[in-house]
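Working notes, structure below.
Computation of the quantities below employed the complete heavy-atom set of this structure, encompassing side-chain atoms and omitting hydrogens, waters and symmetry-equivalent molecules. The chains referred to below are lettered A, B, ... by the order of the sequence lines, with proteins before strands, and numbering in each begins at 1.
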Amino acid sequence: MAYDPKSIEPRWQQYWDEQRTFRVTEDPARPKYYVLDMFPYPSGAGLHVGHPEGYTATDILARWKRMSGFNVLHPMGWDAFGLPAERAAEREGLHPALITQRNTDNFRRQIKRLGFSYDWEREINTSTPDYYRWTQWIFLRLMERGLAYRAEIPVNWCPALGTVLANEEVSPEGTYKETGDPVERRLMTQWMLRITRYAERLITDLDLLDWPEPVKKMQRDWIGKSYGAEIDFAVADADERFTVFTTRPDTLFGVTWCVLAPEHPLVLRITTAAQRAKVEAYIEKSSRKSERDRKAEAEEKTGVDTGAHARHPLTGELLPIWIADYVLAGYGTGAIMAVPAHDTRDHAFARTFALSVKPVVRAVEADAATELPFTGDGIAINSGPYDGLATAEFKERVSADLEKRGVGRQRVQYALRDWLFSRQRYWGEPFPIVIGKDGEAVPLPDDALPVELPHLPDFRPTTDGRPPLARATDWLATRDPRGGEATRETNTMPQWAGSCWYYLRYLDPLNDKAPFDPAKERYWMPVDLYVGGTEHAVLHLLYARFWHKVLFDIGLVHTPEPFQKLFNQGMILAWSFQDGSGKYWHESDIEERDGQQVVKSTGAAVTTRIEKMSKSRLNVVNPDDIIDAYGADSMRLYEMFMGPLDATKPWQTRGMEGVHRFLQRAWRLWFAGDEDALSAQIVDEPADTETLRTLHKTIAGVTEDLEAMRFNTAISKLMELVNHLTAAPQRPRAVLEEFLLLLAPFCPHFAEEVWHRTGHEGSISTARWPAADPALLVDDRMTIPVSVNGKLRTKLDVPMDADEASIKALALADLGVQRHLGGGTVKKVIYVPGRMLNIVVVGGA
RNA sequence: GCUCACGUAGCCCAAUUGGCAGAGGCAGGGGACUUAAAAUCCCCCGAGUGUGGGUUCGACCCCCACCGUGAGCACCA
């Protein structure tokens with residue numbers, strides 16, 4: 001029969017399920033390989049073609065590694081807690097648990113249709129009590145170590161969502177990254193995780209990892225380490241002092257005023273009576289400002305003079321003290337020394353309020369007409385005893401001097417803030433915490449876990465910031481482990497909680513005594529390869545690393561880092577078609593007329609563009625449709641054939657047809673026409689030398705490409721082999737078999753089907769990966785291109801072992817070459833062994 | 001504005017890292033098969049590598065400047 005994925009694929013998927021083909025357990029006799037996909041949030045929209053891109057890549061690697069003798073752990077699960085389910089639940093009037101159930105069922109169905117070799121017996125779901133029991137358990141460990149605490153702090157409150165958000169979830173424009181809803185600042189009591197305590201290790205341990213450099217850079221930048229100094233300023237005529245942080249202590253002589261953040265505790269104590277009204281008004285106004293407003297006004301600086309003055313720690317000069325909201329309460333000490341000549345923000349501020357500017361650094365270059373603000377390094381001027389010092393030296397010297405006088409010290413500062421860890425939403429992990437009569441947050445004992453999420457008919461957020469769980473009256477009232485009554489904590493954990501440790505639960509998903517068995521952890525960890533999108537470069541990957549380090553410190557895991565190698569797959573885009581009026585059309589409504597893309601029905605010309613897939617652009621590709629039309633193996637193949645895995649690239653359904661044709665052609669190597677019988681061209685004789693060479697080059701090439709994750713070129717090599725075999729009059733059975741093994745990781749259903757039709761037992765996924773014979777990889781002759789003055793003039797066909805002298809002689813004797821030498825003098829002959837020969841000639845015609 | 005990627009046939013992409021610009025696929029043209037068409041098979045066409053300089057015997061590859069696309073960062077003192 002002809003190649004028919006529709007009948008083949010479901011059969012093999014069922015076979016793998018029934019035979020539990022991909023179930024794994026620890027096996028000390030074999031090397032392990034843990035290959036992990038970033039598990040999906042099961043959204044209502046179902047799978048889009050971007051999901052299977054990464055999943056296909058890891059599946060190919062998992063299958064290849066298995067065939068190469070590795071014990072492969074390849075699991076899948078669901079990041080199932082989170083806001084979107086709640087929002088969908090509100091829209092549809094269903095409970096979030098039902099929505100989540102429905103969506104995970106759909107995702108599982110779609111993923112299974114692609115024939116991935118997951119060990120489904122390890123499937124996890126972060127929203128089940130069996131799982132979040134251990135999320136809560138880890139939270140208790142964090143608490144024991146003083147890494148979780150409650151604090152009243154200004155937080156990012158999103159009114160549209162009715163919850164607070166972490167810094168990492170808020171865009172620079174002051175909106176929620178996911179939905180674009182505006183975010184305000186509010187003072188609230190919230191749970192925080194002390195990720196800042198791990199800032200240094202989160203930076204240095206990046207060096208241990210095989211991760212893309214841009215991702216490492218994003219993490220380093222987010223943590224934002226900077227070296228500088230703290231300098232103490234006394235307030236004149238008062239027994240008060242404040243400390244500033246600066247990375248430029250060398251500009252200390254250029255300070256012309258100081259600025260405190262509006263929230264700085266000292267502000268109201270030092271403000272003079274004359275300025276008090278203005279200062280209070282400014283504080284009031286800036287406390288109400290959203291992040292968005294603050295950023296929008298970044299250009300025009302605002303602020304108010306407190307009327308108070310500070311004493312310069314070295315010169316004793318009097319410096320006005322201002323408050324301004326360009327100084328952030330949460331960074332450094334919440335106070336700065338303003339050096340308008342050498343800081344762009346201070347400079348802008350000086351211009352707005354006509355404050356004085358004093359240059360203290362000049363550029364090293366001769367043209368000393370330095371334009372202000374000059375923020376580079378240079379030579380000190382107007383700096384008393386320090387004049388003439390270079391910036392770096394000045395910093396050292398002045399920090400030491402300040403320290404000696406007790407008014408300053410060197411200091412390392414991180415931009416990273418503690419992680420805001422509570423949300424005022426329903427669909428998340430409850431905290432294993434009760435609030436006692438005395439208002440204390442009391443951790444529950446381990447045996448009280450899990451604290452189950454109560455079933456709430458009305459789970460919507462409240463407008464006043466009280467979490468929905470506050471409505472669960474029966475659930476709320478409980479006992480204080482210290483004795484007496486207590487109420488439960490009503491906040492829930494953020495969506496990131498469950499994904500902070502899921503890769504560990506896969507190791508031992510059914511364990512009800514511990515999050516996982518330490519012996520299993522020692523066998524499987526770390527994750528050898530982690531594949532997912534760049535959108536998690538900071539959030540998930542930073543949080544997970546933080547938790548992992550805490551678990552490492554407790555002794556629960558044996559590696560300092562969870563994910564040894566990280567790979568980011570690129571985004572899949574699609575062509576869109578937009579007519580002159582801006583209306584989008586679906587690809588099926590478009591045709592080409594006279595080299596111009598037009599709308600079939602109206603004839604209107606359209607502009608074609610490669611854009612992100614979205615419903616509004618009518619360019620979304622649904623994996624179900626593709627599988628219906630071409631089969632899962634073709635889809636897998638195309639996902640990989642489109643281009644390099646990490647590249648952003650457009651989906652083209654035409655390209656699908658190309659790889660589908662390749663599979664049909666491959667099928668015909670065995671089965672001609674509609675016959676079930678094997679092709680008469682298949683022979684049991686040994687292959688000719690050329691075929692053997694082609695085969696072994698393919699084996700070597702595909703293996704190398706898989707090692708380097710170059711799936712697109714691996715597939716093109718398989719295509720070459722098929723083209724060769726198609727053209728050959730005879731097809732040696734042994735060669736076909738090796739080809740089938742090479743194809744198996746890419747197109748597993750196809751491979752199983754042919755494997756069994758050609759008389760094999762058992763799954764091809766347990767067969768051995770072919771080995772290339774080195775003897776067959778070298779040709780006995782080679783072609784050496786010969787150029788004269790860099791221009792290609794002829795090619796020489798010589799034996800592989802021809803030596804340099806004979807090749808040179810041959811080249812110089814060549815008639816074509818002689819003609820191009822034109823009687824000139826041969827100045828030099830460059831021979832690159834096995835590659836090419838270049839003759840440099842001067843003079844001549 | 002700053003930083004980092006990427007610009008190769010009509011399109012998606014290769015090119016052993018400084019050595020023959022083409023592996024593969026799509027589209028296009030021709031032929032075979034067919035009453036015809038589809039499918040299939042065979043053959044063919046096609047760029048000098050975004051632009052301008054530089055280094056080199058030799059540059060898609062290295063350096064400089066510019067243009068375009070994409071991503072990230074952007075009051076962090």
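Distance from the side chain of A:F641 is smallest to B:G24 among B:G24, B:A77, B:C75. Nearest to the side-chain atoms of A:P644 among the listed nucleotides B:A23, B:G19, B:C13 stands B:C13. Set against B:G19, B:C13, B:A23, the side chain of A:V832 has B:G19 as its closest nucleotide. Considering only side-chain atoms of A:R654, the nucleotide from B:A27, B:G19, B:C12 that sits closest is B:A27.
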The test is salt bridge (Lys or Arg N to Asp or Glu O under 4.0 Å); show your working for A:K225 and A:E200 and say whether it passes. CA-CA 8 Å; A:K225 182 178 186 177; A:E200 187 58 35; 2.8 Å; yes
Please assess A:E639 against A:K649 for the test salt bridge (Lys or Arg N to Asp or Glu O under 4.0 Å), listing each intermediate value before the final yes or no. CA-CA 10 Å; A:E639 291 261 3; A:K649 47 212 175 278; over 6 Å; no
Would you please test A:K6 and A:D4 for salt bridge (Lys or Arg N to Asp or Glu O under 4.0 Å) and show each step? CA-CA 5 Å; A:K6 265 203 181 69; A:D4 181 24; over 6 Å; no
For a ring-ring contact (aromatic ring centres under 6.0 Å, His included) check, start with the C-alpha distance between A:Y630 and A:Y638, then their side-chain angles and the critical distance, and finish with the verdict. CA-CA 10 Å; A:Y630 301 99; A:Y638 181 61; 9.1 Å; no
Determine, stepwise, if the pair A:K808 / A:E804 fulfils salt bridge (Lys or Arg N to Asp or Glu O under 4.0 Å). CA-CA 6 Å; A:K808 278 184 183 171; A:E804 182 167 346; 3.1 Å; yes
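Residues A:P212 and A:L566 approach most closely at CD-O, 3.3 Å, considering heavy atoms. Nearest approach of A:A329 to A:E263, heavy atoms of both residues: CB-OE1, 3.6 Å. When all heavy atoms are compared, the tightest approach of A:F750 to A:L663 is CE1-O, 3.4 Å.
A donor and an acceptor atom never sit less than 3.5 Å apart when one is taken from the side chain of A:K649 and the other from the base of B:C13. Between the side chain of A:K795 and the base of B:C20, a donor-acceptor pair under 3.5 Å is found.
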Produce a footprint string for nucleotides 38-46 of chain B: one letter per nucleotide, 5' end first; B if the base is under 4.0 Å from any protein heavy atom, S if only the sugar-phosphate is, - if neither. --SS-----
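By the rule that a glycosidic angle within 90° of 0 means syn, B:U69 does not qualify and counts as anti. B:G48 takes the syn form, because its glycosidic angle lies no more than 90° either side of 0.
To the nearest angstrom, P of B:C26 lies 12 Å from NE2 of A:H660. What separates NE2 of A:H264 from P of B:A77 is a distance of 17 Å, to the nearest Å. Rounded to whole angstrom, the span from the CE atom of A:M218 across to the P atom of B:G70 amounts to 18 Å. The distance from atom CZ of A:R710 to atom C1' of B:A15 is 11 Å, rounded to the nearest whole Å. In this entry the distance linking CH2 of A:W222 with C1' of B:A74 reads 12 Å, nearest Å. Residue A:D646 contributes atom CG, which lies 16 Å from atom P of B:G72 at whole-angstrom precision. Separating the CE atom of A:M571 from the P atom of B:A71 is a distance of 7 Å, rounded to the nearest angstrom. As rounded to whole Å, 21 Å separates atom P of B:C75 from atom CG of A:L260.
The pair A:R409-A:D232 counts as a salt bridge, with a side-chain nitrogen and a carboxylate oxygen less than 4.0 angstrom apart. Checked for salt-bridge contact, A:E53 and A:R636 miss the test: no charged N lies under 4.0 Å from a carboxylate O.
Partner assigned to B:A38 is none, using Watson-Crick or G-U wobble distances below 3.5 angstrom. Under the Watson-Crick or G-U wobble criterion, with both distances below 3.5 Å, B:G68 is paired with B:C6. Using Watson-Crick or G-U wobble geometry with both donor-acceptor distances under 3.5 Å, B:A59 finds no partner in any strand shown. Here B:C73 sits opposite B:G1 as a Watson-Crick or G-U wobble pair (both hydrogen-bonding atom distances under 3.5 Å).
A gap of 14 Å separates the C1' atoms of B:U8 and B:A59, to the nearest Å. Between the P atoms of B:U3 and B:G46, the separation comes to 43 Å (whole Å). Distance noted for atom C1' between B:G54 and B:G58: 15 Å (whole Å). For B:C11 and B:C2, the C1' atoms lie 34 Å apart once the distance is rounded to whole Å. One C1' atom belongs to B:C67, the other to B:G50, and the distance between them is 7 Å to the nearest Å. Only the P atoms considered, B:A23 is 14 Å distant from B:C43, to the nearest whole Å. For the C1' atoms, the distance linking B:U69 with B:U51 amounts to 15 Å, nearest Å. Spacing between B:G25 and B:A36 at atom C1', rounded to whole Å, works out to 30 Å.
Test A:L573, A:I626, A:N619, A:I610 against A:W651 for side chain to side chain contact (heavy atoms under 4.5 Å, CB included) and you get one pass: A:I626.
Annotation: of the two residues near RNA chain B, A:M642 and A:T534, the 5′-most nearest-nucleotide partner is A:M642. Across the interface with RNA chain B, nearest-nucleotide mapping of A:I784 and A:N712 shows A:N712 to be the residue nearer the 5′ end.
Between the side chain of A:D343 and the backbone N or O of A:D346, at least one donor-acceptor pair lies under 3.5 Å.
The side chain of A:S226 contributes an N or O atom lying less than 4.0 Å from OP1 or OP2 of B:A77.
At a cut-off of 3.5 Å, with distance as the only test, a side-chain donor of A:D705 or A:T713 sits close to an acceptor on the other residue. One side chain, A:E611 or A:S576, offers a donor N or O that lies under 3.5 Å from an acceptor on the other. Side chains of A:T302 and A:Y282: a donor on one and an acceptor on the other come within 3.5 Å.
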Enumerate the protein-to-nucleotides 1-11 of chain B contacts in which both atoms are nitrogen or oxygen and the separation is below 3.5 Å.
unit_1: B:C11; atom_1: O2'; unit_2: A:Q652; atom_2: OE1; d: 3.2

Would you list the protein and nucleotides 60-63 of chain B atom pairs, both N or O, that sit under 3.5 Å from each other?
none

Distances under 3.5 Å between nitrogen or oxygen atoms of protein and nucleotides 55-58 of chain B:
unit_1: B:C57; atom_1: O2'; unit_2: A:N838; atom_2: ND2; d: 3.3
unit_1: B:C57; atom_1: O2; unit_2: A:N838; atom_2: ND2; d: 2.3

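The side chain to side chain donor-acceptor pair (under 3.5 Å) search around A:D418 returns A:Y149, A:T196, not counting sequence neighbours. The ring-ring contact (aromatic ring centres under 6.0 Å, His included) search around A:F353 returns A:W322, A:F349, not counting sequence neighbours.
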